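As a basis for the values below, the full set of heavy atoms in this structure was taken, side chains included, without hydrogen atoms, waters or symmetry mates. Below, chains carry the letters A, B, ... as their sequence lines are ordered, and counting in each starts from 1. Given the structure is predicted, the values throughout are model-derived calculations rather than measurements.
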Amino acid sequence: MQHFREHTGLVAPMDRVNVDTDQMVPKQFCKLLTNVGYERMLFYDWRYLPGTETPDPAFVLNLPRYQGASILLTRRNFGCGSSREHAAWAVRDYGFRAVIGPSFADIFFGNCFRNGVLAIPLPQEQVDELFRRVDARPGYRLHIDLPNQVIRDDSGLEYKFEINPFGKEALLKGLDEIGLTCEHEAEIAAYEHAHNPRIELHGEVDFSLPAAS
Amino acid sequence: MPARTLYDKIWDSHTVTEESGRPSLIYIDRHYIHEGTSPQAFAGLKAAGRRVRRPDLTFAVMDHSVPTKNRDLPIVDPDARGQFDALARNCRETGVRLFDMFSHNQGIVHIIGPELGLTQPGLTIVCGDSHTSTHGAFGALAFGIGTSAVEHVLATQCLRELRSKPMLVEVRGRRPRGVTAKDLILSIIGRIGVAAGTGHVIEYAGEAIRELSMEGRMTVCNMSIEAGARAGMVAPDEKAFAYLDGRPFAPRGKDFQVAVDTWKGMATDPGAAFAKSYELDASRMEPQVTWGTNPGMVTGVTGRVPQLDSFADPQERKAAERALEYMALRPGTAIIDIPVDFVFIGSCTNSRIEDLRAASRIVAGKHVAPTLKAALAVPGSRQVKLQAEREGLDKIFTAAGFEWRDAGCSMCIGMNDDVLPGGMRCASTSNRNFEGRQGKGGRTHLVSPITAAATAIAGHFVDVRELGVDLE
Ligand code: SF4
């Protein structure tokens, strides 16, 4: 996982509430077998002129002033709907290192962290203020300081943000979450010994695999 | 011990490690996988040289991209074929049991889990799919996860999770005739909003929930995610036990009795605390129809497309304006005056036998409106299909001009050929009316199976309460 410490970047606004992951990566791209290379798919149905892959000049992320943006500013409940991690992969592959908004859907929020994208929830008024600043100032940039859990701009704005200590540590170090869990092998084995999780089949079931013997 | 909720009890009994303020490791009893969100997880596992820890607790099925027409024809879509091949290969290599598209037990993952008796009260169940909340109808803690988490569960049979906050949705009163489980959950979402459940696990309770069949409870829990909650649950009771009795993976004989005794203790203790709660009255609900592009944009069938001035919040107003533009609807239009082009009866929300029976009673002896481009009836599983055919429902649907299909996700998501064409309007029993969900440019209205059936006959939305037919 890509680690995250500090980042300064151009901010792009996505001024819509309840943006769902179907919009972030439409279904046809959920048939691919990879977890990289989703840059072109992000907001696919919003981003291009109908029936083409020619950027729609009216779509916000296509505006010249937001080219090269690496921080996405969103409205509430961003990433709702489907659990598809493709949405987080596309956000990351597009070049966004962080997403800032009043709230995020739970599954998307977790998917961001697991892919090195920092999702920062801030109070509604602060997000409103950020939208005002992005709108008023072309080239508006933010500096994100994860160790100190603060974001700043160059004209005095400074907002603290909350993050779970585990998520913070994982991002700072770029930790392998599965590797960390494997260090708890003894506890997992003890749990299995105590609870004996299992399933017994009593009836007829038509499995395709393993092949009937 | 202090009074605990159903959620607390399951969480507590599955904690492997716990550290305050940090995520816990919780043990996963059932891991369901499908072709859509698992290939990258298996690839990651392989790349790291890890094995599937508990193939015996992992079950795979092909559902999202499977054709619902003739499965004997070759799969022409190379991407879909790639998914099927990858899933079969991954299962073969790791010993995970698979139901491929030719298995008699194939179906939508959330339909077959309960049907096989894999889903049971008190279990933790995950799947790389947000509608895993469905299984909570049995009093299980079931939720959707991303692909990285699928890999984590494959490798460790555990998940690293922060404890959610329990939330109560109590639905008092009795549902009036024509108001189904689908209308109930759409009413709930319309009232509490699409993000009320964020960070929470919903427990549904109250007379109207208790009175629902297991199928109905699954419909309700299925759409918890549409209220923002990863999981929704109902305390297990005699209906849940009776549903499970005799299913292939349910305990048998004495073991079943022992299990039932344990399951009875799962219910939330009197006085247990919820982080928040809502109360609704089922007796005042009516059949629901969505008019917008998220499930919270919903109104009663006697209602109208809302006026933009009715939205106090400027963000909501803007979203509604955009939604109406996408849906090509004018404020003030009566819902029953909206004509439809397609009808889709299917999906993990409403494709169980009870749904098909109810819909078939509406269409029996009638024919879909000549203005309709297509009407699809897609059973949720091959077992549901078989049962429906035993009862002659397939003949009723086809005689009425419906296409009777094989089991799968179908036009809920349009990953196979069952795509809603752009500009077309569909009455759908699925769970998401997002832009492009059923097909790019397609316009989805979420409704119950009986409203969908009646709409197919009339060619426009209908208040089923005005029909002189049996609606239960
Ligand atoms: S039926 Fe629709 S919502 Fe349900 S699992 Fe399939 S695609 Fe997802």
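- Rounding to the nearest 0.5 angstrom, the gap separating the CD atom in B:Glu151 from the CZ atom in A:Arg114 is 11.0 Å.
- The shortest side-chain heavy-atom distance between B:Pro248 and A:His202 does not fall under the 4.5 Å cut-off.
- Neither the backbone nor the side chain of A:Phe109 comes within contact range of chain B; no heavy atom of the residue lies under 4.5 Å from a heavy atom of that chain.
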Inset, instruction - Go through the steps for B:Leu118 and A:Ile199 under the test side chain to side chain contact (heavy atoms under 4.5 Å, CB included), then give the verdict. - result: CA-CA 8 Å; B:Leu118 287 167; A:Ile199 308 174; 4.1 Å; yes
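- More than 12 heavy-atom neighbours from other residues, nucleotides or ligands sit within 6.0 angstrom of CD on A:Glu53.
- Defined by atom type and a distance below 3.5 Å, a donor-acceptor pair is missing between the side-chain atoms of A:Arg84 and B:Thr37.
- Of the inter-residue distances, the one linking A:Arg75 atom CZ with B:Gln315 atom CD reads 4.0 Å to the nearest 0.5 angstrom.
- At distances below 3.5 Å, at least one donor-acceptor pair connects side-chain atoms of B:Arg432 with backbone N or O atoms of A:Gly81.
- Proximity to chain A (any heavy atom under 4.5 Å) is shown, for B:Val61, by neither the backbone nor the side chain.
- Only the side chain of B:Phe59 comes within less than 4.5 Å of a heavy atom of chain A; its backbone N, CA, C and O stay farther away.
- Contacts between B:Asp77 and chain A at a heavy-atom distance below 4.5 Å involve the side chain alone, from C-beta outward.
- Contacts of A:Pro26 with chain B are absent, with no heavy-atom separation under 4.5 Å from either backbone or side chain.
- The line from OG of B:Ser103 to CG of A:Asp206 is 4.0 Å long, rounded to the nearest 0.5 Å.
- By the 6.0 Å contact criterion, NE2 on B:His104 is open, its count of non-hydrogen atoms from other residues, nucleotides or ligands being 12 or less.
- In this structure, chain A has a heavy atom under 4.5 Å from the backbone of B:Phe102, while its side chain stays farther away.
- For a residue to count as touching a neighbouring chain, one of its non-hydrogen atoms must lie under 4.5 Å from one of that chain's; by this rule B:Leu116 touches chain A with the side chain only.
- The closest side-chain donor-acceptor pair between B:Gln40 and A:Trp89, if any, does not fall under 3.5 angstrom.
- Comparing B:Arg50, B:Lys440, B:Glu226, B:Arg230 by how many heavy-atom pairs each has under 4.5 Å with chain A, the most go to B:Arg50.
- What you find for B:Gly146 and A:Asn111 is that their closest heavy atoms are CA-OD1, 3.4 Å.
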Inset, instruction - Please test A:Arg76 against B:Asp313 for salt bridge (charged side-chain N to carboxylate O under 4.0 Å, His left out), starting from the C-alpha separation and ending with a verdict. - result: CA-CA 13 Å; A:Arg76 68 173 174 270; B:Asp313 177 318; 3.5 Å; yes
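- Counting heavy atoms from C-beta outward, B:Ser130 and A:Ile107 have side chains that approach closer than 4.5 Å.
- For A:Glu204, the part lying under 4.5 angstrom from a heavy atom of chain B is the backbone only.
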Inset, instruction - Let me see the working for A:Phe166 and B:Arg160 under side chain to side chain contact (heavy atoms under 4.5 Å, CB included), right down to the final yes or no. - result: CA-CA 10 Å; A:Phe166 175 80; B:Arg160 206 175 278 274; 3.2 Å; yes
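- Interface residue A:Asp45: backbone and side-chain heavy atoms are both found under 4.5 Å from chain B.
- In this structure, A:Asn164 contributes its side chain and B:Gly21 its backbone to a donor-acceptor pair below 3.5 Å.
- Of the inter-residue distances, the one linking B:Met62 atom CE with A:Ser208 atom OG reads 7.0 Å to the nearest 0.5 angstrom.
- A distance of 8.5 Å separates CG in A:Asn77 from CG in B:Asn294, rounded to the nearest 0.5 Å.
- With hydrogens and angles left out, the side-chain atoms of B:Ser148 and A:Glu85 include a donor and acceptor closer than 3.5 Å.
- The greatest number of non-hydrogen atom pairs below 4.5 Å with chain A, out of B:Thr15, B:Ile225, B:Thr17, is found for B:Thr17.
- Of the two parts of A:Gln23, only the side chain, counted from C-beta on, holds a non-hydrogen atom closer than 4.5 Å to a non-hydrogen atom of chain B.
- Of the atoms belonging to A:His184, it is side-chain heavy atoms, and not backbone ones, that fall under 4.5 Å from chain B.
- With a 4.5 Å cut-off on non-hydrogen atoms, A:Asn18 touches chain B through its side chain but not through its backbone.
- Summarising the geometry of A:Leu209 relative to B:Cys91, their closest heavy-atom pair is CD1-CB, 4.0 Å, with the distance given to 0.1 Å.
- Counting non-hydrogen atoms of neighbouring residues, nucleotides and ligands closer than 6.0 angstrom, the NE2 atom of A:His195 exceeds 12 such neighbours.
- Put simply, of A:Glu187, A:Glu177, A:Glu185, the one with the most heavy-atom pairs under 4.5 Å next to chain B is A:Glu177.
- Listed options B:Val150, B:Leu25, B:Asp56, B:Asp29 were ranked by heavy-atom pairs under 4.5 angstrom with chain A; first place goes to B:Leu25.
- When every heavy atom of A:Leu33 is checked against every heavy atom of B:Gly82, the shortest pair comes out as CD1-O, 3.9 Å.
- Interface remark: B:Arg54 contributes side-chain atoms only to the contact with chain A (heavy atom separation under 4.5 Å).
- In this structure, CG on A:Leu180 lies 11.0 Å from OG1 on B:Thr156, to the nearest 0.5 angstrom.
- Taking the six-membered ring for Trp and thresholds of 30 and 60 degrees, B:Phe249 and A:Phe207 have ring planes more than 60 degrees apart, a perpendicular arrangement.
- Of the listed residues A:Ser82, A:Ala190, A:Ala105, the one with more heavy-atom pairs under 4.5 angstrom with chain B than any other is A:Ser82.
- Only the side chain of B:Ser65 comes within contact range of chain A, with at least one heavy atom under 4.5 Å from a heavy atom of that chain.
- Interface summary for chain A: among B:Arg30, B:Glu35, B:Arg97, the most heavy-atom pairs under 4.5 angstrom belong to B:Arg97.
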Inset, instruction - For side chain to side chain contact (heavy atoms under 4.5 Å, CB included), just list the numbers for B:His152 and A:Thr181, CA-CA rounded to whole Å, side-chain angles, deciding distance to a tenth of an Å, and then say yes or no. - result: CA-CA 8 Å; B:His152 192 283; A:Thr181 300; 2.7 Å; yes
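- Proximity to chain A is absent for every atom of B:Ala43, based on heavy atoms less than 4.5 angstrom apart.
- Salt bridge absent: A:Asp15 and B:Arg322 never bring a charged side-chain N and a carboxylate O closer than 4.0 Å.
- Ranking B:His64, B:Arg53, B:Glu316, B:His131 against chain A, the residue ahead of the rest is B:Arg53, based on heavy-atom pairs under 4.5 Å.
- Neither the backbone nor the side chain of B:Ala60 comes within less than 4.5 Å of any heavy atom in chain A.
- With a 4.5 angstrom heavy-atom cutoff, B:Glu115 does not touch chain A via any of its atoms.
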Inset, instruction - Apply side chain to side chain contact (heavy atoms under 4.5 Å, CB included) to the pair A:Leu32 and B:Asp79, showing each step before the final yes or no. - result: CA-CA 6 Å; A:Leu32 305 177; B:Asp79 290 337; 4.1 Å; yes
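- If you tally non-hydrogen atom pairs under 4.5 Å between each of B:Pro23, B:Ser164, B:Pro251, B:Gly95 and chain A, the highest count goes to B:Pro23.
- With A:Lys27 contributing its side chain and B:Arg437 its backbone, the two residues share a donor-acceptor pair below 3.5 Å.
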